[in-house]
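Indexing begins at 1, ligand by ligand and atom by atom, following the structure's order.
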Amino acid sequence: MIPFNRPWSGARAVEFLNEVCGSTHLSGDGRFTKLCHEWLENILGVRKALLTTSGSGALDMAAILAGLEAGDEVIMPSFTFSSSANAIVLRGATPVFVDIRADTLNIDERLIEAAITPRTRAIMVVHYAGVACAMDSIMAIAARHGLTVIEDAAQAIMASYRGRPLGSIGQMAALSFHETKNIISGEGGAILINDPEIIERAEIIREKGTNRTAFARGEISKYTWVDLGSSYLPSEIISAFLWSQLEVAQELTQRRLLIWSRYHEHFEAMEQAGVLRRPTIPEDVVSNGHIYYLLLPDEAKRDGLIRALRAEGISAVFHYIPLHSAPAGLRFGRASGSMQQTDDLSRRLVRLPLWLGLDDGVDVVADAVKRALSPAA
Ligand SMILES: *Cc1c(COP(=O)(O)O)cnc(C)c1O
């Protein structure tokens, strides 16, 4: 049996968790949380990093920080996870879905301007599979129209665009450390903030609307309720586990990229023969190997491949039902223009198992794919 995902955890996780269990600081913002914050700020080059209990929580915080209000609109792709849209809808604002590019499956930057109305406040980009959106064009559009850019970088830690780490380009970004992502803590996330003007408010929103973070730094003599907020900070138990992964994040990413490349080589000939399409990584982008997917010629062939792999004990899976056609998407959002690429690509995509330690299993999966798609099959 080859599962689709198998979370990796190292010996240092146990060591750090032992340290937390023997300490008197179990709640948030202790030693391990601070180590994680410093690492994210230094390695990703962001002004401020704040751990959250999930990527969804980081997106919710970003939507508050963007000042979204009822009636506002946010432009985003439909080919993404529900959390990207929920953050907008929870503010009473409307997600406006734009089609994706056929090559990267990311929001098509050429369609963004046509979706802008007097109510548009922000653009939420999603770096699908850890492959960057066309950030220079998107940042230029946002600047021309006075819009905030939020990067949903849930899948994109350690990936970059024109030499800049993803998450360091928009005003804000969200990372996820869910066990299905590259760097994990079971559940977990972080908000990354590049606009210095909103850092203080972010600390307040994350601490139940209080200025307790400034109090903990000794900047004020007592703390109180000053703004809206909730409890977005993770405990030291989560942060200790996360630190054991961040310490070796570069190495884990390299190992993942090796697995990704091994798949990519396997399918080169089949792509040339027109049997399938492999992922496209633009030249100015460095990916983090988050997902290895294949695009089949049509939905029936895709579903047939998933069934054939399952019969061999291999778990391969499709991805998002586009949000614009999901029940909540129909209720809370609207599409701007044609969603043709989104509808078409989402029906033809299959993700192959990819996890640290899969190694020779790549050859097993690739051979099974080749058998299933061979003309004789
Ligand atoms: C995983 C993911 C999220 C949500 O992250 P959680 O940590 O599970 O809340 C949001 N957006 C995208 C694109 C994701 O892949």
Side-chain angles (χ1 to χ4, degrees), residues 4-5 7 36 40 49-64 66 74-90 95 97-98 100-101 104-107 122-133 135 138 149-159 161 166-167 169-170 172-192 206 230-235 238-239 241-242 245-246 256 279 287-293 317-324 326 328-329 333 342 345-346 349 351 354-355:
F4 174 69
N5 181 51
C36 294
L40 292 168
L50 293 168
L51 294 193
T52 57
T53 44
S54 66
S56 305
L59 289 166
D60 292 349
M61 279 186 66
I64 299 172
V74 178
I75 294 170
M76 62 175 290
S78 167
F79 187 65
T80 181
F81 192 53
S82 59
S83 300
S84 332
N86 270 326
I88 297 161
V89 173
L90 282 167
F97 302 116
V98 163
I100 51 174
R101 289 165 52 138
T104 57
L105 317 191
N106 283 332
I107 190 166
I123 304 170
M124 164 107 63
V125 300
V126 180
H127 305 297
Y128 183 69
V131 175
C133 297
M135 291 310 291
I138 292 166
V149 174
I150 301 169
E151 295 177 67
D152 180 339
Q155 304 176 7
I157 191 167
M158 309 296 282
Y161 170 79
L166 299 187
I169 303 170
M172 288 171 265
L175 299 177
S176 169
F177 303 116
H178 185 263
E179 73 169 22
T180 52
K181 303 303 201 295
N182 287 21
I183 303 296
I184 62 174
S185 58
E187 303 278 353
I191 182 167
L192 309 177
R206 179 169 167 270
S230 189
S231 184
Y232 292 110
L233 73 168
S235 79
I238 300 276
S239 305
F241 189 97
L242 180 62
Q245 301 244 327
L246 286 177
R256 211 174 165 100
S287 136
N288 62 2
H290 177 59
I291 293 173
Y292 197 86
Y293 65 81
V317 292
F318 56 87
H319 216 172
Y320 312 118
I321 306 288
L323 298 185
H324 74 272
T342 303
L345 294 161
S346 61
L349 181 140
R351 292 176 291 158
L354 203 178
W355 36 270

Show me a pair-per-line table, with atom names and distances to 0.1 Å, of protein N or O atoms that are under 3.5 Å from an N or O of ligand 1.
from	atom 1	to	atom 2	distance (Å)
ligand 1	5 (O)	Ser176	OG	3.3
ligand 1	7 (O)	Gly55	N	2.7
ligand 1	7 (O)	Ser176	OG	2.7
ligand 1	9 (O)	Gly55	N	3.3
ligand 1	9 (O)	Ser56	N	2.8
ligand 1	9 (O)	Ser56	OG	2.5
ligand 1	11 (N)	Asp152	OD1	3.3
ligand 1	11 (N)	Asp152	OD2	2.7
ligand 1	15 (O)	Gln155	NE2	2.9
ligand 1	15 (O)	Lys181	NZ	3.3

Trace of the ring pair (Phe, Tyr, Trp, His ring centres under 6.0 Å) decision for Tyr161 with His127
CA-CA 10 Å; Tyr161 170 79; His127 305 297; 8.4 Å; no

Mind checking what makes salt bridge (Lys or Arg N to Asp or Glu O under 4.0 Å) contact with Arg101, not counting sequence neighbours?
Asp103, Glu109

Could you tell me the separation between the CH2 atom of Trp355 and the OG1 atom of Thr180, rounded to the nearest 0.5 Å?
15.0 Å

With Arg256 via salt bridge (Lys or Arg N to Asp or Glu O under 4.0 Å) - residues at least two apart
none

Identify, with sequence neighbours excluded, every residue that meets side chain to side chain donor-acceptor pair (under 3.5 Å) alongside Ser231.
none

Is it true that a side-chain atom of Ser78 and a backbone atom of Leu323 form a donor plus acceptor pair closer than 3.5 Å?
yes

